[in-house]
Amino acid sequence: MKYVNEYRDSQKVQGVLQEIKRLGEILTTEKKRPVKLMEVCGGHTHAIFKYGLEELLPATIEMIHGPGCPVCIMPKGRLDDAIAIAEHPAVIFTTFGDAMRVPGSQFSLLQAKAKGADIRMVYSPLDALEIAKVNPDRQVVFFAIGFETTAPSTALTVLQAESAGVKNFSLFCNHVLVVPALEALLSHPDLQLDGFVGPGHVSMVIGTDPYQVIAQRYHKPLVVSGFEPLDLLQSIWMVLQQLAEGRCEVENQYTRFVQATGNAVALAAMQRVFQVRDRFEWRGLGDIPHSGLQMRPEYAQFDAEAQFILPHRQVADHKACACGEILKGLKKPWECKVFGTACTPEHPIGACMVSSEGACTAYYKYGRRSLESKAKPTPVAASFLGMRS
């Protein structure tokens with residue numbers, strides 16, 4: 001395909017890999033350890049494994065998988081709140097498919113649906129608005145999740161509902177912000193990071209300017225990347241080049257879609273409908289100040305949190321699940337005791353194994369050969385591979 005094959009050219013890949021290897025050797029000699037780069041976006045994690053980039057990268061480069069999966073970072077307490085809304089007899093609860101199977105403290109939305117709740121999968125908030133229009137006697141609630149990537153479409157749907165005079169449509173708002181999450185990660189004492197491969201889709205909305213705090217306050221280079229193999233490899237090379245030259249800047253590899261100031265129309269819609277919460281709980285990361293969005297008071301009629309009594313409980317994750325450590329970059333999925341055995345995409349224990357963007361899903365689906373290359377896999381990983389430990 002035009003403008004796709006160009007980003008999968010094997011000769012160009014080899015050329016970039018040679019430069020990555022050269023810079024990695026230099027930097028590893030200086031640091032006395034591998035260079036640790038975090039790809040923030042779950043889409044990047046899946047691309048890395050889908051195209052075998054993890055195996056192509058030299059041992060001097062270690063990719064850390066970040067909390068860029070919006071379903072994965074949803075804490076159990078918020079899932080319980082969503083289920084409480086969905087179980088109300090007057091409600092039609094609408095959600096993206098990825099959120100259906102994420103386990104709450106008792107059960108998932110899919111299991112709540114099996115118990116009789118009217119829960120429907122939609123592909124956009126506009127689908128939920130259409131359901132509200134044809135069901136005027138029911139309250140239709142949309143489970144609004146995602147980073148700045150999906151928040152504009154939610155905001156525009158609220159504005160359309162307001163314009164059309166739809167009274168029975170509301171949001172359970174769980175939109176989150178990427179930069180406060182990166183700051184929380186950089187404040188963690190146990191996590192060593194040398195730089196970031198920044199999210200492409202989020203940056204299409206917010207631009208590259210908001211990441212300046214990462215370079216200026218925390219002195220870490222960040223390169224916003226596209227999703228094709230050469231996009232990711234070039235972005236990794238750009239971060240390494242900064243490290244080798246002693247620079248800490250925000251650079252944009254994804255120039256064909258991302259601008260410094262972002263998408264003005266999308267940002268204006270978000271600003272009109274949403275305001276920043278004082279705090280929001282993230283699975284694995286805990287409470288992060290100013291990291292989530294909520295409805296502005298003038299749009300309270302579209303705010304499900306203002307219309308329903310919710311449990312608002314903080315619920316701990318399953319003791320055997322390492323999802324929190326994985327989202328923080330402290331563990332790899334194959335280091336979790338239940339990965340590939342008790343926890344699989346068909347029967348997930350943690351959210352990282354549910355979402356199509358989850359790190360555990362990526363390892364399970366694409367990462368078997370990467371696990372085979374480990375010098376000494378854990379017993380669980382070895383069992384997963386059918387190997388002897």
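Between F49 and H44, a ring centre-to-centre spacing not shorter than 6.0 Å is recorded. Ring centroid separation for the pair F227 and H46 does not come in under the 6.0 Å cut-off. Taking the six-membered ring for Trp and the full ring otherwise, H201 and F147 have centroids separated by 6.0 Å or more.
Looking at Q301, its side chain never comes within 3.5 Å of a backbone N or O of K167 through a donor-acceptor pair. Between the side chain of R101 and the backbone N or O of P345, at least one donor-acceptor pair lies under 3.5 Å. Proximity of a side-chain donor or acceptor of N168 to a complementary backbone N or O of R138 within less than 3.5 Å is detected. Here the side chain of D209 pairs no donor or acceptor atom with the backbone of G207 at under 3.5 angstrom. Using modelled atom types, one side-chain atom of D9 and one backbone atom of K12 make a donor-acceptor pair closer than 3.5 Å. Put simply, the side chain of R279 never gets that close to the backbone of P289: no donor and acceptor are under 3.5 Å apart. Proximity of a side-chain donor or acceptor of D81 to a complementary backbone N or O of L310 within less than 3.5 Å is not detected. A donor-acceptor pair under 3.5 Å links the side-chain atoms of T361 to the main chain of C352, judged by distance alone.
A salt bridge links E251 with R247: the distance from a Lys NZ or Arg NE/NH1/NH2 to an Asp or Glu carboxylate oxygen falls below 4.0 Å. Using a 4.0 Å cut-off between a side-chain N of Lys or Arg and a carboxylate O of Asp or Glu, R277 and E305 qualify as a salt bridge. A salt bridge links D118 with R120: the distance from a Lys NZ or Arg NE/NH1/NH2 to an Asp or Glu carboxylate oxygen falls below 4.0 Å. Salt-bridge check for D194 with K220: failed, with every basic side-chain N at 4.0 Å or more from each acidic carboxylate O. For E62 and R33, the salt-bridge test fails: no basic side-chain N is under 4.0 Å from an acidic carboxylate O. D303 has no carboxylate O lying under 4.0 Å from a charged side-chain N of R296, or vice versa, which leaves the two without a salt bridge.
Between V158 and M295, the closest side-chain pair of non-hydrogen atoms falls below 4.5 Å. Counting heavy atoms from C-beta outward, L233 and L17 have side chains that approach closer than 4.5 Å. When side chains are defined from C-beta on, L37 does not count as touching L193, because their heavy atoms never get closer than 4.5 Å. In this structure, the side chains of L293 and V176 stay at 4.5 Å or more apart for every pair of heavy atoms. S108 places none of its side-chain heavy atoms less than 4.5 Å from the side chain of V102. E228 places none of its side-chain heavy atoms less than 4.5 Å from the side chain of L230.
P221 pairs in a side-chain contact (heavy atoms from CB on, under 4.5 Å) with only one of the listed residues (Q241, Q242, M238), which is Q242.
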Compile the donor-acceptor pairs under 3.5 Å between side chains in residues 21-28 and protein atoms, sequence neighbours left out, one pair per line.
from, atom 1, to, atom 2, distance (Å)
R22, NE, E19, OE1, 3.4
R22, NE, E19, OE2, 3.4
R22, NH2, E19, OE1, 2.9
T28, OG1, G24, O, 2.7

Please tabulate, for the side chains in residues 83-98, all donor-acceptor contacts under 3.5 angstrom to protein atoms that are two or more places apart in sequence or on a different chain.
from, atom 1, to, atom 2, distance (Å)
H88, ND1, A90, N, 3.2
T94, OG1, V141, O, 2.9
D98, OD2, S355, OG, 3.2
D98, OD2, S356, N, 3.4
D98, OD2, S356, OG, 3.1

**Q.** Worked check of side chain to side chain donor-acceptor pair (under 3.5 Å) between Q18 and Q14
**A.** CA-CA 6 Å; Q18 288 180 8; Q14 291 302 320; 5.6 Å; no

Q: Kindly determine whether D231 and R256 satisfy salt bridge (charged side-chain N to carboxylate O under 4.0 Å, His left out), including the steps that lead there.
A: CA-CA 11 Å; D231 286 327; R256 61 191 187 273; 2.7 Å; yes

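Judged by a 6.0 Å distance limit and a 45° cone about the ring axis, K332 is not positioned over the six-membered ring of Y363.
Partners of Y51 by ring pair (Phe, Tyr, Trp, His ring centres under 6.0 Å), not counting sequence neighbours: none found.
Counting non-hydrogen atoms of other residues, nucleotides and ligands closer than 6.0 Å to NZ of K133 gives a total above 12.
C360 approaches I326 most closely through the heavy-atom pair SG-CD1, 3.6 Å.
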